[in-house]
Novice: 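A single structure is presented below for examination.
Numbering of ligands and ligand atoms starts at 1, following listing order.
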Amino acid sequence: MTAAPVLVPLPVDRPYTYAVPEGIAVSPGDVVAVPLGPRTVLGVVWDGDADDVPAAKLRPIAERLDGHIDQDMRRFVEWIADYTLNAPGIVLRMVLRVPEAFGPEKPVAAVRLAGAPPERITPARKRVLEIVADGLSWNRRALAEAAGAGVSVIDGLVDQGTLERIFLPRPPVVKPPRADFARPILTEAQGQAATALRDMVAAQAFSVALLEGVTGSGKTEVYFEAIAEALDRGRQVLVMVPEISLTSQFLNRFEARFGAPPAEWHSGITPRRRERTWRGVASGEIRAVAGARSALFLPFPDLGLTVVDEEHDPAYKQEDGVIYSARDMAVVRAKISGFPVILSSATPSVESKANAERGRYAHIELPDRFGAALPDIKAIDMRADPPSPGRFLSPVLIEAIRQAVTGGEQALLFLNRRGYAPLTLCRRCGFRFECPNCSAWLVEHRFRRQLACHHCGHAVARPNRCPNCDAEDSLVPCGPGVERIAEEAADLFPDSRVLILSSDLVGSIGDLRQRFEMVEKGEVDIVIGTQLVAKGHNFPLLALVGVIDADIGLATADPRAAERTFQLLQQVTGRAGRQRDGGRGLIQTFDPDHPVMRAIVSGDRQAFYAREMAQRERQGLPPFGRLAAIIVSGKSQAEAAGYAKALARAVPSGEAAGGRNGHGPIRALGPAEAPLAVVRGRHRYRFLVKAPRSADLHRFLRVWLAAAPKPRGSLRIAVDIDPLSFL
Ligand code: ADP
Ligand code: ZN
């Protein structure tokens, strides 16, 4: 009997050793079931030698299953574990998320005509027989339905020998895409960009390209050509799209170009479809996938290209569990397997921009918009043109909306705040509604008649009296959310059709996709949207974009506040006038001289990036230095604070901090109470680690965590490498 190392999807640092029973042969990558304590769990036979343990002490592998996790994926798991300072088993869990895919696949049960008619013919039987007379096989339920009979009628005919039961293979999840289905005629600049990308794909080696061009310049058309090249070469393709679950526009465009939609992969697809998609990707039957972050862990046997659309989007960062950037990990996966990655954006992250400037990424630019001219953007100085008291739309913006809707065009009002009002207070006693579990105000949702916490989901019905002073009708909403703007718009334009696009308003994903389609078809005049609308949607009739509060994101301690605001404003104003000239953007701000507002109004993107990079370089911030955050949390404030202090005492100095004696160049700042001090009842403290690019940040963190006391009880440590959130 031999032994094999098996990695289980649990917080363990290394594979456990199991005995391989007689009659089973396993090799690295095989998915197996193994006993663990009283349970049986999935695991993957790992590389390397098994531990030298006496055979009598080993428990045997219970079963070898269908799946296989190839060598590249195993290296990928190890790489992420190493980089994020997580146990490999925890990372493996993200790969084994579809356990149903490792059992035998259930075929579709069907019936067809096989023998003489039964002796007793009922009207229902007669109808069934008429249908199956064509000799084709029928799904049992579908046949019953078509005949207007119960399934028992079908089963009766099977018992009589008139019908026979057969099993059919499952139909494919999607048809294969065709590279040459509908080739566009590209402009000269687009053609050059497409050729450069095609060449990268043809080289079948690792490389990264940053595809940069204003919204509407044809980036999607151009990277479709790279996809066509990969498909032509028989390789699989992954396109990562933020919020893919919320809109069908991308899928429709892909289908129009390639004759079939890509397979979708995100949290909104049904378990049955997940299973079939997993299998289809593994077997190679599925050639193209459009997915969210987790699509990185699909078992592509022959991935030849990954496209990360809207590469700057913060939604690519997974903020809980294993904290990782799916954009960065897409690059890592491509490096391991040796194929190209395309990062596409109108407003690239400063990190990707710097990589392009340093020559580490190819920089492919599309200078002009296709068809229409870029929208004309102006700032509205809210000090000079304030709204009426209790209102949020400046007279300048109102007039522009009036022009748009009377001209039969659409207007979009953008405010990155869900609900009706971000804060509710009692005007008698000053009481404010706060979440009992988080350090956050409760947001009023008038539509649902609730006050809700956006961090933990806690919600209460909005009371009529103040819970503190018992005054009646004394509660006032403070500040606007999209629902309040919609109310104001409906009030000002009673004849216009107003629609809100916000992720929390609607029940199902289908509902939201439907709302997007209503806007596309022109069934809406004024759209009120959160950041959801800034993500690559094409609204053909949209002529005006009004930003309600452009300053919202700037008043934070986030080192990327300016970059984020620039990206969001540029993306959202870029929705205007995509199909026709004359698009307009109006930005309500109290600070029109802020560099972000100036860059948006002047359209001088490069100046903004140059300024932002110079500032980051001075401050040693990414990409000129590296950051990591350590977040300590616990159920009691005293415990969390005490543990944070103990951690502070263990901060390495000297060599581990990158220096020779005394303090090195790597510094751990903190602990400080987190800006979001309490989330879901957990008290939080943060450290921020700053390191020069040349220093070994990972070694510093490992030495530190090894020297720190182990967290006990409710205490937890989370490590966030390259943090995007500082809350
Ligand atoms: P981006 O991805 O840069 O925002 P898109 O690829 O979505 O740009 O292009 C914007 C719009 O212009 C789309 O409707 C697209 O179909 C159209 N378009 C771009 N280039 C061409 C072209 N060469 N021929 C026809 N339509 C084009
Ligand atoms: Zn809460």
Novice: State yes or no: are the ring centers of F687 and Y685 separated by less than 6.0 Å?
Specialist: no
Novice: Side chain to side chain donor-acceptor pair (under 3.5 Å), that's the test. Do Q190 and K219 meet it? Break it down for me.
Specialist: CA-CA 8 Å; Q190 288 173 344; K219 295 184 296 299; over 6 Å; no
Novice: For the residue pair D328 and Y316, confirm or rule out a side-chain donor-acceptor distance under 3.5 Å.
Specialist: no
Novice: For the aromatic rings, using the six-membered ring if either is Trp, is the centroid distance between F224 and F254 under 6.0 Å?
Specialist: yes
Novice: Quick check on contacts: which atoms of ligand 1 are under 4.0 angstrom from a heavy atom of T215?
Specialist: 4 (O)
Novice: Report yes or no: does V214 have a heavy atom closer than 4.0 Å to ligand 1?
Specialist: yes
Novice: Tell me: protein heavy atom nearest atom 11 (C) of ligand 1, and distance?
Specialist: R578 NH2, 4.3 Å
Novice: Output the distance between atom CG (L366) and atom OG1 (T187), rounded to the nearest 0.5 Å.
Specialist: 7.0 Å
Novice: Distance to 0.1 Å, residue and atom name: give those for the protein heavy atom nearest to atom 16 (O) of ligand 1.
Specialist: E221 OE2, 2.8 Å
Novice: Under 4.0 Å, heavy-atom basis, I'd like to know which part of P184 is in contact with ligand 1: side chain, backbone, both or neither.
Specialist: neither
Novice: Counting only protein atoms, how many N/O/S atoms are less than 2.8 Å away from the Zn ion (ligand 2)?
Specialist: 4
Novice: For ligand 1, which atoms sit closer than 4.0 Å to a heavy atom of L186?
Specialist: 23 (N)
Novice: Please write down residue, atom name and distance for the protein heavy atom closest to atom 13 (C) of ligand 1.
Specialist: R253 NH2, 3.9 Å
Novice: Would you kindly check if the NZ (Lys) or CZ (Arg) of R178 is within the cone defined by 45 degrees around the ring axis of F258 and under 6.0 Å from the six-membered ring centre?
Specialist: no
Novice: Between A550 and I587, which heavy-atom pair has the shortest distance, and what is it?
Specialist: CB-CG2, 3.3 Å
Novice: Where's the contact between I185 and ligand 1, heavy-atom distance under 4.0 Å: side chain, backbone, both or neither?
Specialist: backbone
Novice: Of the protein's non-hydrogen atoms, which lies at the shortest distance from atom 20 (N) of ligand 1, and what is that distance?
Specialist: Q190 NE2, 2.9 Å
Novice: With a 6.0 Å cut-off on ring centres, are F608 and F566 close enough?
Specialist: yes
Novice: Does G216 reach ligand 1, in the sense of a heavy atom lying below 4.0 Å from it?
Specialist: yes
Novice: Just need the protein heavy atom nearest to atom 8 (O) of ligand 1, so name the residue and atom and give the distance.
Specialist: G218 N, 2.9 Å
Novice: How far is atom 2 (O) of ligand 1 from the closest protein heavy atom, and which atom is that?
Specialist: T220 OG1, 2.6 Å
Novice: How far is atom 18 (N) of ligand 1 from its nearest protein heavy atom, and which residue and atom is that?
Specialist: F370 CD2, 3.4 Å
Novice: Within ligand 1, which atoms have a heavy atom of N538 less than 4.0 Å away?
Specialist: 14 (O)
Novice: May I ask you to check whether Q567 and Q571 show a side-chain donor-acceptor distance below 3.5 Å?
Specialist: no
Novice: Quick one: do K353 and E212 satisfy salt bridge (Lys or Arg N to Asp or Glu O under 4.0 Å)? Show the steps, please.
Specialist: CA-CA 9 Å; K353 206 63 180 166; E212 182 179 1; 2.9 Å; yes
Novice: Looking just at side-chain N and O atoms, do S349 and R560 make a donor-acceptor pair shorter than 3.5 Å?
Specialist: no
Novice: Please tell me whether Q637 and E673 have a donor and an acceptor in their side chains that are separated by less than 3.5 angstrom.
Specialist: yes
Novice: Under a 3.5 Å threshold, yes or no: a donor from one side chain and an acceptor from the other, between E310 and S344?
Specialist: no
